Amino acid sequence: MMQHPVAPSAAVSEASETSSDASASSLATLRICVVGLGYVGLPTALLFARKGFAVQGVDIDPAVRAMIETDAIAERYPELAPWAQAARDQTMLRGAPAFTIGQTPEPADVFIITVPTPVHPESRRCDLRAVRAAAESIAPALRPGCLVMLESTVPPGTTRNVVRPILERSGLTAGETFHLCFCPERILPGNTTHELIHNHRVLGGLTPACAARAQALWQGVIAGELFLTDDMSAEFCKLAENTYRDVNIALANELSLIADESGVDLKALLPIINQHPRVNLHTPGIGVGGHCIAVDPWFFVESSPWKTRLIRASREVNDQMPAYCGEKIAADVADLDHPVICVAGLAYKPDVADLRESPAVRIADWLDERGLTTRRYDPLLPQYRDMTLAQAAAGCDYLAILIPHAALRADLALNRGAIAAAMRTPRIRSF
């Protein structure tokens, strides 16, 4: 049966009545194991380590482990540098490592699963292999009273129907001898540390006591409010949040297609359209990328294929945008012999160095596949940091600004003349 969300104040009372775990003041003595040290797992591990918890980070990728062990976190994730330093400071204060790295989970009080859940490019079904492998690695280390939290975004029912049976191979019973929850992350790359601390969180327990146990952990660590519900409701909430954004972006993109056909500049009209007190039309773009919005709506389609026509159509609208933009670029250079196109801004969104599901990369690939010559550039990526936009566009016939990083916009505004002079044919377009 679905459990209705519980207000934070009520949840505190429930925690005191249903949980026999340690008080909040002693929680910092708990050992935390975070399985999966990517964009979510690493900041989560550092969050607990800087608070004084003993944290083990687990990742099967030797490059990830080496990055952390060689203290190269700041180079790859600059915004995490202060937290990495705080974890080192805690090691000095504790006289013992606050953050250790491994390939296999060791016994702990809390296990947090933050592994990727990509969508299969053809079937559009969720790939749960990493979640299953994480659960299988945790099972031998489970002990009575442990808390296991799944944060990876998954189709509804995954926590209880996929993760629970694997963990129960330990001989323990979820909801009785150990706690099991789905607690989705709500963070935005580029603003990770602030959002991890201040965003509200949904804690979905297999039982009310499981949710209360998760609340007892998180309430002393983050500032955001905690809303307790059951695991399937929490899974649904996470998918609904990202699907809402995808559908609304698809509406803006579809309107932009109609506007192009009509000779109307939709972006210029947005301030007028959004003057309506009940309208908030999103900004159209080149498509949708990232690890959430471009992926998660497909999990609803997978679980209810005959009831998700709008969601499926929205995904298809957004997925067609890179090809549509590629066709625009190809048309712009159709009169040139062997044109060279500089594609600038490769990340999936402005001001982050994140290429996951990037529509800009898909546009560049689309152009390459049709025999056009492209040169790629993104000032936020390490391999391009010593290059200017003028250097990247030198000798090119066309400059396409696909993702408008602040650094790209500033460079173009300040040096447009020099950039145009460096190009063979100075055609510049911002998307």
Side-chain angles (χ1 to χ4, degrees), residues 15 19-115 134 137-149 151 170 178-179 181 183 185 187 192-194 196-198 201 213-224 226:
S19 176
S20 60
D21 297 292
S23 65
S25 62
S26 64
L27 285 175
T29 64
L30 298 181
R31 181 167 176 79
I32 313 288
C33 177
V34 180
V35 182
L37 298 175
Y39 286 87
V40 175
L42 181 55
T44 299
L46 291 173
L47 171 67
F48 282 103
R50 68 190 283 269
K51 289 285 188 177
F53 290 78
V55 179
Q56 182 201 19
V58 173
D59 203 287
I60 61 172
D61 186 345
V64 171
R65 298 197 304 272
M67 180 263 296
I68 299 169
E69 290 170 340
T70 59
D71 204 20
I73 293 174
E75 182 178 344
R76 183 168 179 182
Y77 304 105
E79 68 172 316
L80 296 183
W83 283 17
Q85 182 58 54
R88 289 191 292 271
D89 293 343
Q90 283 294 331
T91 295
M92 298 294 292
L93 289 172
R94 290 163 43 89
F99 186 27
T100 59
I101 306 300
Q103 188 173 356
T104 304
E106 298 173 357
D109 302 289
V110 179
F111 295 90
I112 304 175
I113 299 174
T114 57
V115 296
S137 72
I138 288 170
L142 274 184
R143 301 292 183 269
C146 282
L147 167 64
V148 180
M149 294 188 294
E151 293 198 3
S170 64
F178 76 93
H179 303 285
C181 292
C183 305
E185 53 84 13
I187 59 177
T192 299
T193 54
H194 178 84
L196 189 53
I197 292 176
H198 295 283
R201 295 199 67 133
R213 178 65 183 84
Q215 186 203 32
L217 175 70
W218 282 110
Q219 66 186 0
V221 176
I222 65 172
L226 305 172

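Along the sequence shown, residues carry numbers from 1. Computed from a predicted model, the values in this text were never measured in an experiment.
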Worksheet item: To the nearest 0.5 Å, what is the distance between CG (L30) and SG (C146)?
Response: 10.0 Å
Worksheet item: How long is the gap from OG1 on T192 to CD1 on I197, to the nearest 0.5 Å?
Response: 11.0 Å
Discussion item. Taking ring pair (Phe, Tyr, Trp, His ring centres under 6.0 Å) as the cut-off, I'd like each qualifying pair that reaches into residues 92-113, sequence neighbours left out, listed once.
Written reply: none
Discussion item. Run the side-chain contact (heavy atoms from CB on, under 4.5 Å) test on E185 and I112 for me, step by step, so that the C-alpha distance in whole Å, both residues' side-chain angles and the decisive distance to 0.1 Å come before the verdict.
Written reply: CA-CA 11 Å; E185 53 84 13; I112 304 175; over 6 Å; no
Discussion item. Please find the pair of heavy atoms, one from A86 and one from R50, that lie closest to each other, and give the distance.
Written reply: CB-CB, 3.6 Å
Fill in: Straight-line distance of I73 CD1 to L42 CG, nearest 0.5 Å
5.0 Å
Worksheet entry | Interatomic spacing from NE2 in H179 to CG in L217 - rounded to 0.5 Å | 11.5 Å
Discussion item. Closer than 3.5 angstrom, by distance alone: can the side chain of Q215 be matched with the main-chain N or O of L226 as a donor-acceptor pair?
Written reply: no
Discussion item. Any side-chain to backbone donor/acceptor pair from S137 onto T104? Under 3.5 Å, distance only.
Written reply: no
Fill in: F48: partners by ring-ring contact (aromatic ring centres under 6.0 Å, His included), with sequence neighbours left out
F53, W218
Worksheet entry | Donor-acceptor contact present, side-chain R94 to main-chain M92, <3.5 Å | no
Discussion item. How close do T100 and P97 get, counting heavy atoms only, and between which atoms?
Written reply: CG2-CB, 3.5 Å
Worksheet, complete the sentence: Between V58 and C33, the two heavy atoms sitting closest are CG2-SG, 3.7 Å
Practice prompt. Please round to the nearest 0.5 Å and tell me the distance separating atom CH2 of W83 and atom OG1 of T44.
Written response: 8.0 Å
Practice prompt. Enumerate the residue pairs fulfilling salt bridge (Lys or Arg N to Asp or Glu O under 4.0 Å) with a member in residues 55-82, sequence neighbours excluded, ordered by first and then second residue.
Written response: D71-R88
Worksheet entry | Heavy-atom pair with the smallest gap, counting every atom of K51 and V221 | CE-O, 3.6 Å
Worksheet item: Looking at OG1 of T193 and CG of L47, how far apart are the two atoms once the value is rounded to the nearest 0.5 Å?
Response: 10.0 Å
Worksheet item: Any sub-3.5 Å donor-acceptor pair from R201's side-chain atoms to C183's backbone N or O?
Response: yes
Discussion item. For V35 versus A134, what's the shortest heavy-atom pair and its separation?
Written reply: CG1-CB, 3.8 Å
Worksheet item: Quick one: which of L37, V55, L196, L80 gives a side chain to side chain contact (heavy atoms under 4.5 Å, CB included) with L46?
Response: L80
Item to complete: Write down the atom of Q90, the atom of A49, and the distance for their closest heavy-atom approach.
Response: CG-O, 3.3 Å
